[in-house]
Amino acid sequence: MRAVLTDLTIPRYLMTAAAQTFPRGAGSRAGWGVAGLLSLRDDVPEPVLPRAPGWVRLRPELSGICGSDTAVAHAKSSPVLSAYYSARRQILGHEIVAVVEAAGPGVTSVREGDRVAVDPVLSCVHRGFEPCRSCRDGYPYVCERFDQPGTTGCRSPTQGFDAALGGGWGEVVVAHQTQLHPVGAVPSRRAVLAEPASIALHAALRWPRRGDRAVVIGPGTIGLLLIAALRRLHPDLDITAVGPGAFSRERALLAGASRTLEPGPRVVEAIAAEHGGRVIRPRLTRTPILEQGVDVVFDCVALSSTLDLSLHVLRPTGMLVLVGSAGRQSVDWSLVWNRQLTVQGTVNSGPEESLGGRPTMAQVVEWLADPAFPVDDLVTHTFALDGWRAALAAASAGPRAGAVKVTLRPNPEIPLAG
Ligand SMILES: [Zn+2]
């Protein structure tokens, strides 16, 4: 079959070093520019159904390009997390809306021809193990066996980072029926957002609401979906979106933000001007502290500058939620201690305690089916597999290319819905 894939034949730490050393677009045959480590091939073996009940063969309609995908393409994934992403061959693409092509033995919840969104998390149950403590406690999205292939052969926490089950950037994907959420007639360009919208809702639910004021930093796909999720969960919440450029900020308002601000130290004064609160200026550092600050900050960027800003605008006992992929950053954490802040990580999605155990994606698919959920303009680009280089270029450029969510269409013969 055709697929865009990464063949990792040198150790990851060498690749990471190489990616930082080689200039963009120069050097090896793979190239370290837009294409990174990826190539499109016609001779990729199709993934096979694991020998266990409940597995399904899918053909993707649309598959999104995530920031984590471009990070893999450029060998910039975290060296620490390489423990969990150890597969040598990766067919990327974990944001998938697909059509069921064939159901294997024991499949009861979907039928041939059904359209489904795919939850890419592969827990103990999917790998054929007795549940680990995380899976048993209802948190399969932080399974303790993410590095062990089990009966799936997949050496990765999620689909799309190992070729064993295929990925969304190929013509065929294999998934377990428990990973599938039927989307009915939801338009393809909305349904393909089910995975990033689940990440966003899962992040929103990490904050047990205490107070009325939130800040969301970074209105990219996840940030915009997070604003939309917060607005659904808390119609009266005051949400300030922080991001550069009119393009992102207009979209943040459409998604449900109360206002938008340009990033930088002046955000502190701007929030104080809006809500009151006292601005305190440290003698030796640049960013002022906001006394009577906001209740929660969702940082979808997680650079030193945004983490620093987050800590300066939170009120005592407030919460900083780290969304998307963080990494190694230099930050003065003094305010965490001094103001008794909570720093909350969040990853993947799954059964939600605060939704009575309902999977995040089930909730999100319901929202995506509602035309009033304001996400229609998020998919800005769609390319055939042949256009994968242009797709990665647009995804990497983001707002500079007028791009929010860029998608690939691996099976052009399948008509898009909506
Ligand atoms: Zn587990």
Side-chain angles (χ1 to χ4, degrees), residues 47-56 58 66 68 72 77-78 80-96 104-110 116-168 173-181 194-196 198-203 205-206 321-326 344-364:
V48 293
L49 297 186
R51 264 181 273 169
W55 291 87
V56 175
L58 304 166
C66 172
S68 60
V72 169
S77 305
S78 158
V80 174
L81 299 184
S82 65
Y84 297 108
Y85 294 91
S86 58
R88 289 299 174 92
R89 219 168 199 227
Q90 306 176 338
I91 301 172
L92 295 180
H94 57 276
E95 302 175 359
I96 306 168
V107 173
T108 54
S109 65
V110 292
V116 292
V118 181
D119 179 346
V121 175
L122 295 162
S123 68
C124 278
V125 173
H126 300 125
R127 292 169 198 274
F129 292 121
E130 279 297 306
C132 69
R133 180 170 174 179
S134 290
C135 286
R136 206 171 51 232
D137 288 353
Y139 315 117
Y141 45 84
V142 284
C143 174
E144 294 173 353
R145 290 206 183 88
F146 273 161
D147 59 318
Q148 298 177 325
T151 53
T152 63
C154 188
R155 288 185 174 278
S156 150
T158 59
Q159 213 146 26
F161 290 99
D162 188 339
L165 299 175
V173 171
V174 163
H176 194 264
Q177 61 177 349
T178 51
Q179 293 176 261
L180 306 180
H181 295 268
E195 197 275 343
S198 299
I199 299 288
L201 172 56
H202 185 66
L205 293 172
R206 292 316 92 206
V321 184
L322 298 179
V323 192
S325 39
Q344 172 72 54
T346 171
V347 71
N348 296 328
S349 68
E352 300 287 0
E353 271 174 358
S354 50
L355 301 177
R358 194 175 191 206
T360 333
M361 196 171 277
Q363 178 61 67
V364 154

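Order of listing sets the numbers, starting from 1, for every ligand and every atom in it.
- Leu122 and Ser156 make their closest contact through CD1-O, 4.3 Å (heavy atoms, listed as atom of the first residue, atom of the second, distance).
- Here the closest heavy-atom approach between residue Leu165 and residue Pro47 is recorded as C-CB, 3.6 Å.
- Between Trp55 and Val107, the closest heavy-atom pair is O-CG2, 3.4 Å.
- Protein atoms of type N/O/S that fall under 2.8 Å from the Zn ion (ligand 1) number 4 in this view.
- Side-chain atoms of Tyr139 and Glu144 form no donor-acceptor pair, as typed in the model, at a separation below 3.5 Å.
- Side-chain contact of Thr178 with His126: a donor-acceptor pair under 3.5 Å is present, judged by distance alone.
- Around atom CZ of Arg358, more than 12 heavy atoms belonging to other residues, nucleotides or ligands sit under 6.0 Å away.
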